**Q** 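This is the structure I have questions about; it appears just below.
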Amino acid sequence: MSENIKIVKNATCTFCGCVCDDMELTVDLDKKQIIKAKNACVLGRAWFAEHTIQEGPVALIDGKESKLEDAIEEAAQTLTKAKFPITYGLSDTTCEAQRQAVAITDFIRGTIDTTTSVCHGPSGLAFQGVGESTMTLGEVKNRADFVMYWGGNPAESHPRHFTRYSVTPKGMFTPNGKKDRTVVLVDVRRTASTPVADIFLQVKPGKDFELAWAMRALVKGHTVDASIEEETGISLEVLTDLVERMKNCNYGVLFMGMGLTMTRGRHFNSGAIMALATDLNEFTHFVAKPVRGHGNVTGADNVVSWQTGYPFGVNFSKGYPRFNPGEFTTVDTLSRGDADAALIIASDPAANFPQAAINHLHKIPVVSFDTKETATSQLAHVAFRTSTYGINTGGTAYRMDDVPITLRPAFESPFPSDEEILTALKKRVHELVIAKSRSQGAGTAKVAAPIR
Amino acid sequence: MTSYIRISNGKVYDPSNNVDGQIQDICIENGKIVETVPADARKIDASGMVIMPGGVDIHCHIAGPKVNLARKLQPEDHRHDPHPGTLHTRSGSGGTVPSTFATGYRYATLGYTTAMEAAVTPIGARHTLEELHDTPVIDKGFYVLLGNNIFLQQLLKEGRKEEFKQAVAWWINSTKAYTTKLVNPGGDEPWKGKKNSNVSDIDEKVTETDISPRQIIDAFIDAVNELGLPHPPHVHCNNLGHSGNFKTTLETMRTAGDRRVHLAHIQFHSYAGEIGKNPGSAAREIADYVNDHPNISCDVGQVMFGKSTIMTADAPLAYMLRGIAKGKWVNADTECESGCGIVPFKYQEHVYVHAMQWAIGLELFLLSKDPWRIILSTDHPNGGSFMNYPKLIKLLMDSSFRKEELSRANQKAINKTLLPELDREYSLNEIAIITRAGPARCLGLSNKGHLGVGADADITIYDDQQDKELMFNAPRYVFKSGIPVISNHEFCEDHTGKLLHVAPDYDESIVDSVRPFFENYYSIEFDNYAVDDSYLHDHEIIPTINQ
Amino acid sequence: MLRLNLSDGDSVRLSNNTGEFIATCKSKKIKDLPTGLIFIAYGPSSSRLMESDTGGSGMPISKNLRVQVEKVAA
């Protein structure tokens, strides 16, 4: 170990949506690596350990090393020439970078979408339909005496969710921690999370909606037929008992996993859970919350919403934002073959999208931003190598409950941040758009009064 | 490079400097109003035009966590009202909760150049500052929600008043806020903790905290006055929207004695009648009290017929309203700090209650004897969008238009109010007071709301038109900090605007008191809580009286 | 696995109308993973089996996919 050691207290782990901000990082500044991450979970430790500095070019054009300025110019030309450029990703970068990415997409009249569309996008749609009674995670810690996880495995996906926020912590009205809480888990299979639960409901695959709807019926005092067991795998007796517990708790929480949004029912499943939480407010205080995956996917939702009015799947081709999931969401724009250029930031669709969408990515010019080589960067026309948010660069990340946290970088990277390159790209794109507009003889401004 | 502009031949309305429609030149040098400029300055001929300071909105909801939830909630509200970009400006979407860019540009298209977001949780301050940075043209600030803060209530309960004051100052500094905001003080704990109930009497001791709303209000008025903040506590009284609530409102004002306090959206707190039954108007009682007490200022929170979005830290109220249509509803609890409720809403002329609310707001404007202390607002978007301001101005300036409008509203409601008998018409000078000079003075913004030498060159130039709605809907020029943002009705330059905040002095040892509570009951680290200066973009610290 | 005459380490072809890929078997107790269910990780392998139609939601069905299972020679 070298002598040049730095300790960073209250650093934030941006690996998952928990965005735990109590890391104590021991950094070897000579080797440029984090050698210890106190308080981190197993995933967080891996996240901090993996992000070392690897030599390599800051930018590649068609796989060949390029100067940063040239790559920015090429990216700007590619994006402004395209007729249907798409922007995608954004969940593993700062809000500051996300703001630049929306601006670029606005200027080029492109389509912007984030990893939300293949994560809790359906919950976003459900939210638009029914609303949501929700909370910050500290409320769960302080008040919740009934906690239910549906369609998720936090022990493996969000290891500190139980201990830091929702099962074991001792709070204002939960002085005994887990003893003061009833924990319920709903899943199609037993997972590492199951042992935490006081009650485990093994629902039949694809039957989440039916189960949630039956619970709504019971909450509202309707009769539910015993055949619900045959349908969902859960007996009426178990359900009736559960609903009574929910109605009689002091502060109940429903956490929604992607087991709800990625399966049959999609937004109907999320909507049923949100509606269930709303219904329960007739009896007691009840809230619900999607458990978000990536470190700043919640920030992406917020930034795209405040800049455009819509959370994801936004198209600017008419000069103003329009929202249409299924049309402007990335799996659709790619697999239908609409997109003719793509700006992909901090995500790897080439590794997890449906094959038809991946096939189209191979056919169009892609501009990629990532901290490492990925399946997407390998197929990119212009690939930027950037520094890692939260480790090398500061900025803001939003926790899954919309709480924003300022990141404390541990050590410097030779690579620029997403925000720096995107800001330069935005400037150049704007210049090109203005030049294009002038050459076409368009007016310089529109009427200031809003269009009604 | 110094920029000089001379605006000539316009009729100037500058109530702070006793200018009431006289033809005067206005000179601008680098964003400030000056005595004179060199002969080669850019000249703008404002013949046939009306010149006013840029508008100041003292109470609106335009940025932050609850606003963004309301945005996300209503794609249907954006869809019919797109906001196209230009080469100089960003695009966005409108409706009652516009995107940040559309919000800034649309304020500018009404001639407004300053707006205050009225309710932000401390933990949401960082988010709010990011949104305000993306809200162009206007200068802006926000009020931080402290009236249901559990730690502060504990200090009060234990009688630790000095620490209470220090903690308030610490919270304001840590969030970059403009003043304190109290919303339904004391009501959060019953809502979150006792199966969705609420506090209903200003002297009722809340079980969980053992203090009453009156104790909270009293303590904040004292603390903020002692800290010398330019704007007093901004209070959303208990019992908003309930019949008979005017008594609570009067008691809230009496709590202040002769100390300064601002009552938000007072229309929603001026209802007679019995709880649970249809409201009547208590506008006369409320207006009389305000007229007689120069320490009180308020904004009206006018209801305008049409679409609105209820968004409030008063979560029990939103739940009650949700119960009417059983439509979509958002509740959002913030740990140790606040509640929040959101409900899409529509005020309808034929509905008794809505017509009553509309009429009470207008009564309050028309019964007011001191326009400096009854400020124009719609509590955007709760009473309706700020885009209704031109129509509201016409309602105040044109009694025949008002009569036409009131003939269409529910007559049973209208006839229980004084509105049919009130013939008063506001003058342009009075409009300049309730939309500019008054709010700037209430906020303690000495460089805003007037056109005297040294003022910020935030200037609006309207074509002088008979139809005041048309006139106030489309200024010909808008200058923000001396920059001609709108020229001949077109956006010709973008501008970011700046953040206005206060930084009262405080004893840093208060941190030792806050920290242990924080470490026990918050879910983020204490050292990551305070907002650092990187979130400020361009900003101005408005000094306290003591600084 | 018994039903299909499979044991740990065997290779199987998972296929549906969208595509196919070869996976290696690992057994689980029925209590943990009910009969008729196979668990695979989300990523390049699931991409092959995911339909691109999102039903107007933006979200491809990524869980609860119906597949045919055939044993293949190792």
Side-chain angles (χ1 to χ4, degrees), chain A residues 9-10 12 21-22 95 99 103 106 124 127-139 141-143 164-165 171-173 250-251 278 281 283-285 287 301-302 305-311 316 319-321 323 396 402-406 434 437 444-452, chain B residues 63 65 68 71-75 78-79 81-88 90-95 98-101 106 108-109 123 126-127 130-131 134 150 191-193 195-196 319 328-336 342 387 473-474 486 489-492 521-525 527-528 532:
Chain A
K9 288 188 176 170
N10 305 304
T12 297
D21 67 331
D22 60 342
C95 292
R99 285 158 70 183
D106 188 357
F127 176 81
Q128 293 173 339
V130 299
E132 181 184 41
S133 175
T134 191
M135 75 300 157
T136 63
L137 292 168
E139 294 286 31
K141 163 175 151 173
N142 285 329
R143 300 177 192 276
R164 186 165 159 78
Y165 303 119
M172 207 172 288
F173 302 105
N250 290 316
Y251 192 104
T278 294
N281 276 283
F283 303 94
T284 185
H285 203 88
V287 293
D301 279 13
N302 274 294
S305 293
W306 85 55
Q307 293 210 356
T308 74
Y310 311 106
F316 291 97
Y320 53 80
F323 169 66
T396 313
D402 294 319
V403 170
I405 293 169
T406 307
I434 288 174
S437 162
T444 52
K446 287 176 189 152
V447 176
I451 292 176
R452 293 192 177 264
Chain B
N68 219 24
R71 267 188 205 111
K72 279 189 233 176
L73 183 68
Q74 301 177 90
H78 304 310
R79 185 183 168 86
D81 186 21
H83 189 94
T86 70
L87 283 183
H88 303 285
R90 292 281 303 277
S91 75
S93 48
S99 63
T100 54
F101 293 101
R106 287 182 174 196
T109 63
I123 209 168
R126 201 173 267 118
H127 176 169
E130 288 190 294
E131 284 199 24
D134 278 347
I150 295 180
W191 166 250
K192 293 178 185 174
K195 304 197 187 284
N196 298 350
Y319 188 61
K328 54 188 179 183
W329 164 66
V330 171
N331 170 70
D333 303 333
T334 301
E335 61 206 64
C336 310
I342 301 166
M387 295 301 281
N473 225 335
I486 293 175
H489 300 301
E490 286 183 355
F491 277 105
C492 49
Y521 302 124
Y522 273 82
S523 64
I524 76 170
E525 296 305 299
D527 291 314
N528 288 335
D532 67 54

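Just so it is clear, the structure is predicted and the values come from calculations on it, not from any experiment. In the text below, chain A, chain B and the rest are named by the order of the sequence lines, each starting its count at 1.
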**Q** A/Phe173 versus chain B, heavy atoms under 4.5 Å apart: side chain, backbone, both or neither?
**A** side chain
**Q** Check whether B/Glu130 gets within reach of chain A through its side chain, its backbone, both or neither, counting any heavy atom under 4.5 Å.
**A** both
**Q** Would you name the heavy atoms of B/Asn196 and A/Asn281 that are closest together and state the gap between them?
**A** ND2-O, 2.8 Å
**Q** Between B/Leu87 and A/Ser437, is there a side-chain heavy-atom distance shorter than 4.5 Å?
**A**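 Counting from C-beta outward, A/Ser437 and B/Leu87 do come under 4.5 Å.
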**Q** For chain B, which candidate among A/Asp402, A/Thr396, A/Ile405, A/Val287 shows the most heavy-atom pairs at distances under 4.5 Å?
**A**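 Heavy-atom pair counts peak at A/Thr396.
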**Q** Identify the heavy atoms of B/Lys72 and A/Ser305 that sit nearest to each other, and give their distance.
**A**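 Looks like CG-OG, 3.0 Å.
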**Q** Where on A/Val403 is there a heavy atom nearer than 4.5 Å to chain B: the side chain, the backbone, both, or neither?
**A**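 A/Val403 touches chain B through side-chain heavy atoms alone.
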**Q** Taking only residues two or more places apart in sequence, or in another chain, which ones meet B/Asp134 in a salt bridge (Lys or Arg N to Asp or Glu O under 4.0 Å)?
**A** A/Arg99
**Q** Distance check, rounded to the nearest 0.5 Å: B/Arg71 atom CZ versus A/Trp306 atom CH2?
**A**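 Answer for the CZ-CH2 pair, B/Arg71 versus A/Trp306, is 9.0 Å.
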**Q** Side chain of B/Lys328, backbone of A/Gln128: donor and acceptor closer than 3.5 Å?
**A** yes
**Q** Is a donor on one side and an acceptor on the other found under 3.5 Å between the side chain of B/Asn528 and the backbone of A/Asp21?
**A** yes
**Q** side-chain contact (heavy atoms from CB on, under 4.5 Å) for B/Asn331 and A/His285? Distances and angles first, verdict last.
**A** CA-CA 10 Å; B/Asn331 170 70; A/His285 203 88; 3.8 Å; yes
**Q** Do A/Asp106 and B/Phe101 come close enough that some side-chain heavy atom pair is under 4.5 Å?
**A**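 A/Asp106 does not reach B/Phe101 side chain to side chain.
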**Q** Is it the side chain or the backbone of A/Phe127 that comes within 4.5 Å of chain B heavy atoms, both, or neither?
**A** both
**Q** Would you please test B/Arg126 and A/Thr406 for side chain to side chain donor-acceptor pair (under 3.5 Å) and show each step?
**A** CA-CA 9 Å; B/Arg126 201 173 267 118; A/Thr406 307; 2.7 Å; yes
**Q** So which heavy atom on B/Glu335 is nearest to which on A/Gly138, and how close?
**A** OE1-N, 2.8 Å
**Q** For the candidates B/Ser93, B/Gly193, B/Gly94, which exhibits the highest count of non-hydrogen atom pairs separated by less than 4.5 Å from chain A?
**A**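 Heavy-atom pairs under 4.5 Å are most numerous for B/Ser93.
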**Q** Side chains of B/Glu525 and A/Lys9: does their closest heavy-atom pair fall under 4.5 Å?
**A**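 Not in contact.
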**Q** What pair of heavy atoms forms the shortest contact from B/Trp329 to A/Thr278, and how long is it?
**A**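 So the minimum-distance heavy-atom pair works out to CE3-CG2, 3.6 Å.
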**Q** Do you know which of A/Ile434, A/Val130, A/Thr12 has the most heavy-atom pairs under 4.5 Å to chain B?
**A** A/Val130
**Q** Just by modelled atom types, is the B/Tyr521 backbone N or O under 3.5 Å from a matching donor or acceptor in the A/Asn142 side chain?
**A** yes
**Q** Tell me, out of B/Asp333, B/Thr334, B/Thr100, who's got the most heavy-atom pairs with chain A below 4.5 Å.
**A**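 Top count of heavy-atom pairs under 4.5 Å with chain A: B/Asp333.
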**Q** Heavy-atom distance under 4.5 Å to chain B: side chain of A/Glu132, backbone, both or neither?
**A** backbone
**Q** What option among B/Ile342, B/Ile150, B/Asp527, B/Ile123 has the most heavy-atom pairs under 4.5 Å with chain A?
**A** B/Asp527
**Q** Minimum heavy-atom separation for B/Pro75 and A/Phe323, please, with both atom names.
**A**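 Shortest heavy-atom contact: CB-CD2, 4.1 Å.
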**Q** A/Cys95 and B/His127: side-chain contact (heavy atoms from CB on, under 4.5 Å), yes or no, with the steps?
**A** CA-CA 10 Å; A/Cys95 292; B/His127 176 169; over 6 Å; no
**Q** Run the salt bridge (Lys or Arg N to Asp or Glu O under 4.0 Å) test against B/Asp532 and tell me which residues pass, sequence neighbours left out.
**A** none
**Q** Show the nearest heavy-atom pair for residues B/Ile524 and A/Arg164, with the distance to one decimal.
**A**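 Nearest heavy atoms, B/Ile524 then A/Arg164: CA-NH2, 4.3 Å.
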